[in-house]
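Single-structure report; data block below.
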Amino acid sequence: MLKRTCTCGDTRKENAGETTTLSGWVNTYRDQGKGLVFIDLRDRYGMTQVVFDAEDTPKEVMELGGTLRREDVISVTGKIRDRDGKPNEKLPTGEIELVAKEIEIINRTAKLPILPDDHDADKIGEEHRLKYRYIDLRRPRMQKILQLRHKITQFTRNFFADREFLEIETPLLITPTPEGARDFIVPSRHQAGQWYALPQSPQIFKQILMVAGCDKYLQICKCLRDEDPRADRQAEFTQIDLEMSFIEQDDILALMTEFATSLYKEVGGVDLGNLPQMSWKDAMDNYGSDRPDIRFDLQLADITELAKKTDFKVFNEACDAGGSVKAMRVPGGAEKLSRKKTDAYAEIAKTYGAGGLPVVKYQDGEFVTGVAKFVTPIKEELVEALKLEDGDIVMFGVGTYRVACTALGEVRLAVAKELGLIPEGMFRGLWVIDFPMFDWNEDAGRWVSEHHPFTAPLATHLDILESDPANCLSSGYDLVINGAEVGGGSIRIHNPEVQAKVFGLLGLSQEKAEDKFGFLLNALRFGAPPHGGIAFGLDRLVMMMIGTTNIRDVIAFPKTQTGADLMCEAPGIADPAQLDELGIIMRQPAESTE
RNA sequence: GGGGCGGUAGCUCAAUUGGUUAGAGUACCGGCCUGUCGAGCCGGAUGUUGCGGGUUCGAGUCCCGUCCGCCUCGCCA
């Protein structure tokens with residue numbers, strides 16, 4: 001094999017005259033006739049033009065050059081030539097070209113299903129890109145993403161290694177636990193009928209590492225949750241997982257702020273600024289979300305008390321049921337937002353559980369259209385409360401507190417997008433803190449953890465943990481950037497009695513808690529240090545820095561919405577002998593007989 | 001589990017009201033061309049219209065079912 005002496009990305013003008021060998025894929029070929037063929041040779045590092053020129057290239061090499069097609073793999077040896085007055089300004093190597101003297105055609109390509117060209121690859125159906133991932137990943141854009149992802153993990157390892165964190169692996173085959181996401185399960189051969197679970201996160205293990213005296217832990221690890229995916233969510237994803245001992249919330253937030261801001265600065269070239277803290281309540285109240293996008297203003301106001309004074313049935317029913325009425329003033333919205341638009345926003349509100357989206361315009365000192373007749377009686381107070389100005393539009397979120405907030409919060413995002421209120425290229429982050437410990441789940445008829453069952457209540461709220469769980473706040477915290485949750489964590493419970501109380505509130509009997517989490521409760525009994533930590537979503541960090549909303553773009557081998565890997569065709573059929581060994585009998589689906 | 005969009009040549013798409021032989025660009029194949037750089041020009045080959053059924057003289061088009069992909073609600077401690 002002709003061994004390469006440099007890559008397709010690093011030859012420059014000053015290398016002119018040198019003899020070099022390049023290896024790579026034929027990105028494109030331009031056959032000018034019998035005496036002149038150009039190819040762009042591509043590898044991970046870049047692209048270099050190779051020219052087969054009858055005046056300088058041996059005849060047999062010339063002939064082979066003419067047969068090259070896109071994505072053939074070759075090695076070429078030749079002399080670097082200055083292109084003088086005719087550089088290709090699109091390429092870093094554009095000032096030179098390699099004049100072919102010797103060629104080895106390593107592998108011809110079969111007829112290509114897709115082309116790895118950034119120019120048109122974004123139009124290719126994702127199904128094809130996933131099936132032929134090895135071709136798709138050749139694209140410069142995908143290579144750039146893989147490299148960025150590597151830079152982020154390298155930066156992370158260095159940052160935390162410099163601060164005494166130990167990278168420690170935790171098991172993939174663990175025991176199924178109640179609470180949380182649906183587990184992927186794996187059968188045990190030695191103990192037929194018993195099952196491992198794949199970890200939803202290394203949560204309990206990293207806490208036990210703290211009990212084990214490891215003090216500072218880091219792992220970049222896969223987490224698996226058998227739940228339906230979304231554009232920004234995949235059943236199999238990666239976390240930057242951290243835990244520390246003998247610290248308090250502020251210590252973690254300070255260190256993680258330093259990590260996040262320096263990561264964004266040094267890898268992303270972006271100034272995150274400082275990361276303000278906002279309580280969960282303020283986030284919900286003012287932005288209608290526990291992950292507020294603070295790149296633009298447009299805040300919500302609570303007008304529940306005012307709404308009670310109206311005769312509007314929609315308001316009254318929500319208020320009578322103990323719910324809320326939220327209002328959002330859109331400056332100048334009366335003209336900018338047509339009926340068609342506000343109808344579309346109503347559909348958004350409905351998907352988040354609201355009955356609709358009452359709307360009113362404020363023009364010439366009067367409320368007009370929509371619910372004008374219902375809110376006119378509270379005109380003065382509403383104008384005052386929302387600081388309304390002529391030409392504004394007001395939208396209302398109505399329902400339970402969470403529905404009213406989130407429905408209007410989602411409309412807020414849609415309006416901002418429509419009106420172009422979100423500045424391009426801006427990154428704004430914040431810490432959301434003071435989460436509630438619990439959320440009441442009507443279906444289950446019990447409290448469920450807002451964060452997870454190991455999250456400690458705020459020290460100042462420990463006394464109301466059992467007496468008033470609804471108002472008990474936790475020491476949880478989320479890092480939110482541009483309206484996306486990129487990380488979250490908490491101070492953990494390190495006292496077995498407190499942990500047992502929380503399990504109790506979650507409806508776990510003492511027996512079941514001991515059965516399912518006994519190893520954690522046990523560990524806490526043998527000298528557990530105070531500890532806490534955080535996990536960042538690596539995929540989300542990469543997505544944000546690369547500017548994509550598609551998580552599959554930042555994963556080398558992602559899965560589809562039904563959990564399939566279209567390239568390797570997972571999941572697949574297991575051999576009956578394998579199943580037999582595991583003691584598994586398939587219940588034949590009725591319709592699968594053909 | 002629910003809602004929405006899509007599936008036609010290797011790829012990206014078109015195809016009128018249900019009507020002739022399902023077209024175009026690109027990739028591929030052949031030819032021409034000595035400075036291209038998304039090369040250009042000329043020609044060629046390429047189809048289970050996702051799959052199964054139905055309506056009809058006639059279905060890519062209409063109906064039913066089903067599979068796959070994407071977006072989304074629920075779900076994701």
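In what follows, chains are A, B, ... by sequence order, proteins preceding strands, each numbered from 1.
Considering only residues two or more places apart in sequence or on other chains, A/Asp56 meets the salt bridge (charged side-chain N to carboxylate O under 4.0 Å, His left out) condition with A/Arg81. Partners of A/Arg552 under the side-chain hydrogen bond (donor to acceptor under 3.5 Å, both in side chains) rule, at least two apart in sequence or in another chain, are A/Glu126, A/Asn550. With sequence neighbours excluded, the residues satisfying salt bridge (charged side-chain N to carboxylate O under 4.0 Å, His left out) with A/Asp136 are A/Arg129, A/Arg133, A/Arg139.
Distance CD (A/Glu450) to P (B/C76): 11 Å, rounded to an integer number of Å. If you measure from atom CZ of A/Phe38 to atom P of B/U34, you get 12 Å, rounded to the nearest angstrom. The CG-P distance, from A/Leu36 to B/U34, rounds to 8 Å in whole Å. One atom, CG of A/Asn27, and another, P of B/A27, lie 12 Å apart when rounded to the nearest Å. Residue A/Ile551 contributes atom CD1, which lies 12 Å from atom C1' of B/C76 at whole-angstrom precision. Straight-line distance from the CD atom of A/Glu55 to the C1' atom of B/U34: 8 Å, rounded to whole Å. Following rounding to the nearest Å, A/Gln32 (CD) and B/A39 (C1') show an atom-to-atom distance of 6 Å. As a whole-Å value, the separation of A/Lys123 NZ from B/C11 C1' is 10 Å.
Considering A/Gln499, A/Glu243, A/His531 in turn, A/Glu243 is the only one that fulfils the side-chain hydrogen bond (donor to acceptor under 3.5 Å, both in side chains) rule with A/Arg492.
A salt bridge links A/Asp72 with A/Arg108: the distance from a Lys NZ or Arg NE/NH1/NH2 to an Asp or Glu carboxylate oxygen falls below 4.0 Å. Contact check on A/Arg225 versus A/Asp183 returns no salt bridge, with no Lys/Arg side-chain nitrogen under 4.0 Å from an Asp/Glu carboxylate oxygen. Ionic pairing of A/Lys206 and A/Asp241 is present here: one or more N-O contacts between side-chain nitrogen and carboxylate oxygen are shorter than 4.0 angstrom. Ion pair A/Glu95/A/Arg83 not flagged as a salt bridge, since none of the NZ, NE, NH1 or NH2 atoms sits closer than 4.0 Å to an Asp/Glu carboxylate oxygen. The pair A/Glu71-A/Arg42 meets the salt-bridge criterion, since a charged nitrogen lies less than 4.0 angstrom from a carboxylate oxygen.
Listed by residue number, A/Lys86, A/Asn88, A/Lys90 are the residues of residues 86-96 of chain A with a heavy-atom contact under 4.0 Å to RNA chain B.
Base-pair partner of B/C29: B/G43 (Watson-Crick or G-U wobble, both distances under 3.5 Å). The partner of B/C5 is B/G69, judged by Watson-Crick or G-U wobble contacts that both fall below 3.5 Å. When Watson-Crick and G-U wobble pairs are counted only if both distances are under 3.5 Å, B/A24 pairs with B/U12.
No contact: A/Glu71 has no heavy atom under 4.0 Å from any strand. Among the protein residues, A/Thr177 comes within range of no part of the nucleic acid, since none of its heavy atoms lies under 4.0 Å from any strand. Within the nucleic acid shown, A/Gln203 comes within 4.0 Å of at least one base atom, counting heavy atoms only. A/Pro113 comes within 4.0 angstrom of sugar-phosphate atoms only, judged by non-hydrogen atoms across all strands, and of no base. Here A/Asp53 lies in heavy-atom contact (under 4.0 Å) with a base.
Side-chain atoms of A/Val498 and A/Leu462, non-hydrogen and from C-beta on, do get closer than 4.5 Å to each other.
On the C1' atoms, B/U61 is 41 Å away from B/C76, given to the nearest whole Å. For the C1' atoms, the distance from B/G53 to B/C11 is 31 Å, rounded to whole Å. Comparing the C1' positions of B/G19 and B/A9 gives a spacing of 23 Å, expressed to the nearest Å. Comparing the C1' positions of B/C33 and B/C70 gives a spacing of 44 Å, expressed to the nearest Å. Separation of the P atoms belonging to B/U8 and B/G50 is 6 Å when rounded to the nearest angstrom. When the P atom is compared between B/C5 and B/C64, the two are found 13 Å apart, to the nearest whole Å. Using atom P as the reference point in both B/U20 and B/G30, the two lie 35 Å apart (nearest Å). Taking the C1' atom of each, B/G60 and B/U16 are spaced 14 Å apart, rounded to whole Å.
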Self-check item: nucleotides 68-75 of chain B: protein proximity per nucleotide (B base, S sugar-phosphate only, - neither; heavy atom, under 4.0 Å)
Solution: SSSBBBBB
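By the 6.0 Å contact criterion, CD on A/Glu466 is enclosed, its count of non-hydrogen atoms from other residues, nucleotides or ligands being greater than 12.
The aromatic rings of A/Phe205 and A/Phe519 are tilted relative to each other, their planes meeting at an angle between 30° and 60°.
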All N/O pairs under 3.5 Å across the protein-nucleotides 29-32 of chain B interface:
unit_1: B/C29; atom_1: OP2; unit_2: A/Arg69; atom_2: NE; d: 2.6

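Closest-nucleotide positions on RNA chain B for A/Ala181 and A/His128 were compared, and the one nearer the 5' end corresponds to A/His128.
Residue A/Arg70 places no side-chain atom within donor-acceptor reach of the base of B/G10, judged by atom type and a 3.5 Å distance cut-off alone.
Judged by the 6.0 Å distance and 45° axis criteria, A/Arg69 is positioned over the aromatic ring of A/Tyr29.
Taking the six-membered ring wherever Trp is involved, the centroid distance between the rings of A/Phe435 and A/Tyr477 does not fall below 6.0 Å.
Taking side-chain N and O atoms only, A/Arg30 has a distance below 4.0 Å to OP1 or OP2 of B/A39.
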